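These figures come from a predicted structure and were not determined experimentally. Every chain is numbered from 1 and lettered A, B, ... according to where its sequence line falls, protein lines coming before strand lines. Hydrogens, waters and symmetry mates are skipped; everything else that's a heavy atom, side chains included, is used.
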Protein chains: 2
Amino acid sequence: MKKPSPIAGVDERLFLQSVARALDVLEAFAQNPRPKSLGEIATAAGLNKSAAQRIGQTLLARGYLEKGEGGGLMLGKRLLDRSFDYLRSNPLIERATPMLNELRKRTGERVDLSLFDDTTTIYAIRLQSKRETFYATLPGRRIPTFASSGGRACLAHLPDAHVDDILARSERVPLTRKTLTEIPQIWEKIREARANAYSHAVEEALIGEVVLAAPVLDMDRKPIGAVHIAGSLSEWSIDDFRQRLAPLAVEAARALSGA
Amino acid sequence: MKKPSPIAGVDERLFLQSVARALDVLEAFAQNPRPKSLGEIATAAGLNKSAAQRIGQTLLARGYLEKGEGGGLMLGKRLLDRSFDYLRSNPLIERATPMLNELRKRTGERVDLSLFDDTTTIYAIRLQSKRETFYATLPGRRIPTFASSGGRACLAHLPDAHVDDILARSERVPLTRKTLTEIPQIWEKIREARANAYSHAVEEALIGEVVLAAPVLDMDRKPIGAVHIAGSLSEWSIDDFRQRLAPLAVEAARALSGA
DNA sequence: TCACAGAGTATCGCTTTGCAATATGCGCGT
DNA sequence: ACGCGCATATTGCAAAGCGATACTCTGTGA
């Protein structure tokens with residue numbers, strides 16, 4: 001079996017192929033998280049069936065996969081344990097949790113904390129208020145940096161060359177028909193975010209939703225995440241939403257910044 | 001390197017040692033989730049330093065570990081992605097999410113969904129209402145089945161012998177000075193849960209907290225989880241809490257049961 | 001009824017992958 | 001200066017993991 005080309009920055013002798021394949025198996029459920037037969041796992045993870053069997057049995061034994069009711073294997077509860085460890089390891093999440101709860105109560109809208117991660121941003125805290133679509137309630141969801149108010153709020157605090165690099169590497173597919181995907185349009189939004197200290201998006205990720213986000217910066221003024229407030233266009237005009245709620249998001253994000 | 005004794009139910013030739021060791025590394029952060037040097041990882045995971053280096057580099061390359069600001073390695077955001085996949089793979093969580101949000105709004109208290117997992121129960125949905133302790137806001141937290149209202153609500157729906165087996169295998173250490181750890185006491189609570197269709201606990205997991213839970217059953221009437229409502233003893237008398245809120249939890253759990 | 005496909009499970013000889021031990025450089029504290 | 005712990009780098013070897021294959025069972029369609 002031939003080692004793949006070395007992962008950037010890691011000596012290939014230090015890179016464990018079998019561990020990577022096990023991660024491929026877990027990641028194979030990202031495109032479709034429903035239970036899978038070993039054959040399906042093999043196909044989705046790019047393995048042969050023997051490999052899927054061995055990796056599947058190992059992950060099953062450790063609780064990272066579980067048997068599906070109708071046969072096959074599904075993801076296992078141990079993934080929640082690892083996520084719990086992640087959430088409690090992150091001081092920003094711990095500091096933000098009570099503040100965002102206050103913000104949710106004060107605004108009566110959905111409030112999120114996202115973490116900036118290069119070409120995507122990932123939601124770490126999701127606090128529902130009214131009725132939400134299911135995925136909007138789940139920690140761990142990723143959204144492209146270029147298309148999210150929180151992502152653009154963070155990009156606003158990066159040097160232009162770094163922004164250009166991220167945009168160039170981003171797969172700029174639209175999430176809705178309102179998603180801005182052209183670099184000049186996105187740059188316009190980033191300049192606006194630089195001027196306003198927050199960024200907003202209207203129906204770019206979800207039809208009917210207006211959302212604004214203010215960046216959280218670390219001690220070196222580098223963006224590490226964003227505080228989001230999301231509302232419904234059936235209840236808010238865009239201008240009202242921004243006028244009323246942006247100062248609150250900016251205040252919360254500032255209070256979280258710097259440490 | 002010698003294979004360990006075979007994991008129950010898995011042929012040792014199908015069990016991948018190196019994958020298991022990588023999981024050991026991730027799990028090493030459970031006892032203390034702060035950043036760790038390679039030496040600390042090695043010690044905590046029971047490995048030598050070379051192994052920690054190879055596994056650490058692999059997990060780093062794949063985003064499951066990240067570099068800590070002060071050096072060392074910490075858990076990485078990819079764990080949230082995997083947890084996201086788990087959450088959206090589970091039909092009960094999807095069905096429960098809007099219902100629990102309604103329940104939170106209706107009660108004005110914290111509402112959770114837990115999943116029954118043998119000697120522990122694990123929280124999958126956490127909906128804060130008032131101020132909560134940080135860990136009480138996090139999905140993925142585990143609590144012993146014997147000591148949680150949700151766990152006991154589930155035990156109430158198991159045959160006696162199965163309950164005895166779980167209790168015998170449980171590490172019955174107290175969470176607070178109010179935690180019931182003696183098997184006869186716990187059985188009393190299980191009998192009460194059988195009579196009431198819900199179980200309650202007072203300060204057994206957290207001082208100052210009163211919580212009740214109703215079991216969610218699958219199509220075969222086997223317990224798979226529980227709906228929890230949690231309040232503060234500074235705001236509720238135990239009797240009022242139970243009288244007012246138990247019927248709501250029982251109703252929600254019943255609506256979730258059976259599918 | 002029969003053939004086939006796909007599911008899960010089991011096996012084995014071989015070689016490649018991962019291993020343990022070791023070395024090196026750097027920074028910090030005594 | 002020295003020791004310690006950190007991160008990084010290296011190497012020969014053998015065992016761990018591999019791919020290919022076989023087997024059994026079940027469900028489906030002709």
Starting from [atom2] on [N], measure out to [atom1] on [X] and report it in whole angstrom.
X       : N      : atom1 : atom2 : value
A/Leu14 : D/dT8  : CG    : C1'   : 8 Å
B/Glu12 : C/dT9  : CD    : C1'   : 17 Å
B/Phe15 : C/dT11 : CZ    : C1'   : 20 Å
B/Gln17 : D/dG17 : CD    : P     : 6 Å
B/Gln53 : C/dA21 : CD    : P     : 15 Å
A/Ile41 : C/dG6  : CD1   : C1'   : 14 Å

*Which letters describe nucleotides 24-30 of chain C, given B = protein heavy atom under 4.0 Å from base, S = only from sugar-phosphate, - = neither?*
-------
*Between atom CD1 of A/Ile41 and atom CE of A/Met74, what is the distance when rounded to the nearest 0.5 Å?*
11.5 Å
*Do the side-chain N or O atoms of B/Arg21 get closer than 4.0 angstrom to the phosphate oxygens (OP1, OP2) of C/dG18?*
no
*Using a cut-off of less than 4.0 Å, is there contact between a side-chain N or O of A/Arg13 and OP1 or OP2 of D/dA9?*
no
_Per A/Lys49 side chain, nearest of listed nucleotides C/dG18, C/dG8, D/dT11_ = C/dG8
_Minimum-distance nucleotide (side-chain atoms of A/Gln57 versus D/dA7, D/dG17, C/dT9)_ = C/dT9
*asked:* Applying the side-chain contact (heavy atoms from CB on, under 4.5 Å) criterion to B/Arg82, which one of A/Leu23, A/Leu79, A/Leu75 satisfies it?
replied: A/Leu79
*Please figure out whether B/Leu38 or B/Arg54 has its closest DNA chain D nucleotide nearer the 5' end.*
B/Leu38
*Which residue, B/Glu40 or A/Asn48, contacts DNA chain D at a nucleotide closer to its 5' end, judged by nearest heavy atom?*
B/Glu40
*Describe the nucleic acid contact of A/Ser50 in one word from base, sugar-phosphate, nothing, applying a heavy-atom distance below 4.0 Å.*
base
*With a non-hydrogen cut-off below 4.0 angstrom, is B/Lys36 in contact with a base, only sugar-phosphate, or nothing?*
nothing
*Locate the shortest heavy-atom distance separating B/Cys154 from B/Gly225; write the atom from each residue and the value.*
SG-O, 3.3 Å
*Spell out, as yes or no, whether a donor-acceptor pair under 3.5 Å connects the side chain of B/Arg126 to the backbone of B/Leu138.*
yes
_Side-chain donor or acceptor of B/Arg95 paired with backbone N/O of B/Leu256 under 3.5 Å_ = yes
*asked:* Checking A/Thr145 now: which residues fulfil side chain to side chain donor-acceptor pair (under 3.5 Å) with it, not counting sequence neighbours?
replied: none
Give the table of side-chain donor-acceptor pairs shorter than 3.5 Å for residues 45-56 of chain B, with sequence neighbours excluded, one pair per line with atom names and distance.
residue	atom	partner	partner atom	Å
B/Asn48	OD1	B/Ser50	N	3.1
B/Asn48	OD1	B/Ala51	N	2.9

